[in-house]
Structure formats: C-alpha cells, structure tokens
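Scroll down for the structure; my scribbles are underneath it.
Chain letters run A, B, ... following the sequence lines, proteins first and then strands; every chain starts at 1.
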Amino acid sequence: MQPQRSTVRVRVHPLGDTALIAELGTRLDTALNTRAIALASALKKRRDVRQAVPAHGNVTVQFDPDQITYEALAAAIRRLATKRPPVEEPGRLHRIPVVYDGPDLESVATALGLPAGKVVELHSRPIYRVFLVGFVPGWAYLGPLPDELVLPRRAVPRTLVPAGSVAIAGQETGIYPLASPGGWHLLGRSTVKLFLPDSDPPSLFRVGDRVKFFAATS
Amino acid sequence: MTAALRVRQPGLLTTIQDLGRPQAVGAGVTPGGAMDRFAHAAANLLVGNDRGAATLECTLTGPRLVALRQCLVAVTGADFDPRVNGEAVPTWTGIDLREGDEIGFAGRRTGARAYIAVAGGVVGDRWLGSMSTNLLAARGGMNGRALATDDVVSAAIQEYPDVAGRSLAGDQRPPYHEHLLHAVVGPHANRLTPASRHDLFSAKFTLTHDSNRMGYRFEGASLEAPGDELLSFALIPGAVQLPAGGRPILLMADHQTAGGYPVVAVVISASMPVAAQLAPGDEVRFEEVSIAKALELRAVQRAALLSLMS
C-alpha cells in the first residue's frame, strides 16, 4: 500500500518576533488534533524551539530568533506538516464520577427541549478526547459533545464557579479545576483533582487522553 | 545558601521572579517570571550574576530591607527613589551594602516595577523548573507568596564580585518614557474593521486599574473584529486579545495559557519591558512594525546587556 500523502495545508502566522502559530484547521476534529499534537512533539525536539503547545487544530510555537528566522521555521513547519502523522496510541482513559445536580441542568434541559435525565444520559455516554490543556492550571477542553447538547455559552458569565463544576459550552465539556469566573453551563460536580501542583506535569489530563463521565449519587 | 536581607517592610507586592517556567504552559500553568526581562537581566549583570538568576520584583512601591551581612545589590527598572540609610542612591548601578544598612524607597517617580538583584542570586522555592512566584498555585518564590515582614531573603552563594559601581547609562536602557508599544499584526488582525485597524495603531489607550501581572486592560477606542467564535488556542505574553466588548487586553507574564478571543496584534519582545513599566492611568500607543524592525530593536537591547558582561 502506498503511504497516503497528506492534503492538510498549514497556515503559519507570526506572533510577534519570537513566536508563531501554525494552523492546521479550525474545526473540532480528532484527526486535526492528532496532527497538532504530532507537529508539536516534532517541534519540541528542535533546539531552536523553546516551547510548542498543541491546541484543537493548531500549535503555538515559541522560538529563539537568534537561532532561526521566522521564515526558516515556517518552512520547516510546512515540511513537517505534510508528513503522515504517526498512528496515535490511545490516550490514557480517565473514568470520572459526576453528581449531576448542577444549577444549570434544568435550564439546559429546557433550552435543548430534553428531559434532564436525557441530558445526563447524553453527557455521560461518549468517551471524550482531551483537545487542549490550558486556560487555568489543569483545565482541559473535552469533546466533541453529542450534537443534541450543543449550546452557546451563558449570556452573562458567572463571577464565581465552584471548583469541580462539570460544564458544557459549544461542542465541548470540561471540569473547573479551581474556583474561577466562568461562562459555561454547570451540569454537575466532581471531586477529581485536576491540578496536581506537586506532580510534573501538574495536570491530571494531558492532550490526547480520553475521559468518560459516569453518573454518581454523591 | 546564605541569608542576605531581612524584610522590614514588604511593599505593595514584592515577589521573587526569574525567567519563569514556559514548559509548564502545556499543563495550563502560567509561565510567570519577571515582567521586565531587560531590567531583571541588567540588575543581575550589575552584581555579577547570571542574567537568569532570581531577583525581587517590586510593584509600585518598594520594600525596606536590612542587610544581614555585606552584600552587593542593584536596583533597576522603575525609579522609586532608592535610599540607603535615607541617602539617595543611583538606580542601574551596583551598590555595596554593609551589615546593618537599610535599603528603602522614598516614592515612585517613574515606572511600575523595580528589580533588586543580590550578588550570588536570590533564592526561592523551585517549582516546575523555576523559582518564580506563582500566587495562584501558591508555589515558587517565598513559600508561594509575596514577601512579608521579617522574611529573610537569601542568596545562592556568598559573593563579593569586583563589579561594585558598575552602571548602565540612561541611553543604554529601553525607551521607557516613550510609552510606545511596537507590535506585529496578529493572526486575526484581518477580522478588524478598517476603522478599528486604523484606531488600534493610532489611537491612544489608557491602562486601567484592572491591570496586573496577568494582563493589562485598556480604555480608549472600542475595536471591532467580528467573526465566528474561535476554538481556544495557546497564548503568549505580548498577545493583544480583543474580547467582545472591544477593549483590548495585553497579556503579560502571568497570562491565562489559552483563550479563544481574536489576537489582533502581538507586542514585540523589545517593547515588553516598556509595557512592564506602565502604571494604571498611563497613556500608550501601539505602533505596527515588521519582524525585521522588531529584531533590530531586540539586538539593541541585547548589545546593551552584553556591555555589562565584559
């Protein structure tokens, strides 16, 4: 069998004089995310790259302009991105108990025209993928949500969301690792510790990991 | 490790900072580190340290510190009118303290953040590869918090380098007084309406009080960059984000590591020291530059720091 040449195009844009963003695509898509992770891993091995963080479909790269120019690194990225990504090992699977008694469960059910029980069933059915770790320590963007659960963010964000809140917005779901402001819809709560300051890396979830929620009673 | 200074008064917000922990960003941990990397490096070089050693970052007011032994220090960055035993001493210059001398500050004249380096390098808790203080996680620096009265600041080694009196002339420092931030257009600048793109690079913006080590919020022209919502992506210091309200946010050292607002510009590395010295109420302008120009300005600062290494 011939190895398939990729048709994915990469768009590279500078971020100031010491960083750039390499965009593989703008959709929430597991294959794109796999490519972003592979590209970031390849870039991290370079001595002229200080940091490469993969996100949903792009990689933010900080580089040393004394060692390489933006143009040369962008060209290297275009070459790397056309390589077939390695077959991805399945990420670690985390099973997370959730008490589905969140303050927005009823309003979400109403907005979606579903019984609350169905919202819980739909939310706890898929095995989600960790697309990006970031925003605050330990936060992970998980998805994709079942289409039936897709809602825009709350019009008015809450000034304080309790730590452990399990929430949805758009095509994604996540767990607030720390008490913080937030605009996502709160479906329930979990006691899992996502930010592990005394571990390295200090986040329970890593990009590419898989997460399965299940309903718990307390 | 050797005790060097005792804190008599901590000041508004004095933290231990080095070059931060950029590799922790992938776990959502902010990179942190000194806001003004030029002043931080210069302070270290003036006392014979490696440029990446930890220093004390003092915000808007300075601390009062008593020397527990003879030690060489330097104060750079903002000018808070430094004093030794009440007598004015120069900034950007190595100062030899004797045991019992008190270094303090009479009041802010210019800038927002002063850096105090101690020969041998300030010592803080190391967390994820850096001694920088992360207040949110309560890790790094002085037990994960700002300095408090009676804390003892230690140096990694006891050194009496033969560099006392070394200084960095005013024309060798970044143009702090100009309040001009050079920026390269960002990946989502094409979303800006023509009027907003014009305003971004010509209007004056005022730094609000809702500004800190995480980011700066500006008042002034309201900018519009309509478009579909973006999936979140990893951010860097210097990124100028544009949330729905139209007021730009400049991300600083303790920024959120990811976000989904359009990035309409990125302040260049040579202008970040200038940004670090802005205080609420200051007016600034953003000026669009090419990457080539950004690297030229970067090289000028590099040369100034190199002059302190000879």
Using heavy-atom distances under 4.5 Å, tell me whether B:L230 contacts chain A through its side chain, its backbone, both, or neither. neither
Below 4.5 Å from any heavy atom of chain A, which atoms of B:I236 appear? Answer side chain, backbone, both or neither.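 Interface part for B:I236: side chain.
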Where do [X] and [Y] come nearest, in terms of heavy atoms and distance?
X	Y	value
A:Q51	B:P22	NE2-O, 2.7 Å
A:P14	B:I291	CB-CD1, 3.6 Å
A:P202	B:A27	CD-CB, 3.6 Å
B:L128	A:S199	CD2-O, 4.0 Å
B:S232	A:Y141	OG-OH, 3.1 Å

Is atom [atom1] of [X] surrounded by more than 12 heavy atoms (other residues, nucleotides or ligands) closer than 6.0 Å?
X	atom1	result
B:E288	CD	yes
B:E219	CD	no
A:R92	CZ	yes
A:R11	CZ	no
A:K193	NZ	no
A:K44	NZ	yes
A:D147	CG	no
B:Y261	OH	no

Pairwise side-chain contact, [X] with [Y], heavy-atom cut-off 4.5 Å (strictly under):
X	Y	value
A:R153	B:E229	yes
B:V25	A:Q62	no
A:P65	B:R298	yes
A:E172	B:L231	yes

Engaged part of [X] at the chain B interface, taking heavy atoms whose separation is under 4.5 Å:
X	result
A:L28	both
A:R206	neither
A:L132	side chain
A:S180	neither
A:T18	side chain
A:F135	both
A:E23	neither

Could you check which of [options] has the highest count of heavy-atom pairs closer than 4.5 Å to chain B?
options	result
A:N58, A:L15, A:V53, A:D200	A:L15
A:V136, A:T69, A:T26, A:V59	A:V136
A:L178, A:V207, A:D66	A:D66

Does any N or O in the side chain of B:W127 come within less than 3.5 Å of the main-chain N or O of A:P197, such that one atom is a donor and the other an acceptor? yes
Among B:L297, B:V267, B:V266, B:L295, side-chain contact (heavy atoms from CB on, under 4.5 Å) partner for A:D17: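 With A:D17 as partner, side-chain contact (heavy atoms from CB on, under 4.5 Å) holds for just one option, B:L295.
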Can B:V29 and A:F195 be said to form a side chain to side chain contact (heavy atoms under 4.5 Å, CB included), step by step? CA-CA 9 Å; B:V29 174; A:F195 174 46; 4.0 Å; yes
Yes or no on side chain to side chain contact (heavy atoms under 4.5 Å, CB included) for A:H13 and B:H188, after CA distance, side-chain angles and deciding distance? CA-CA 9 Å; A:H13 197 288; B:H188 310 115; over 6 Å; no
Looking at chain A, which one of B:S269, B:A137, B:G238 has the largest number of heavy-atom pairs inside 4.5 Å, strictly under?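 Result: the option with the highest number of such pairs is B:S269.
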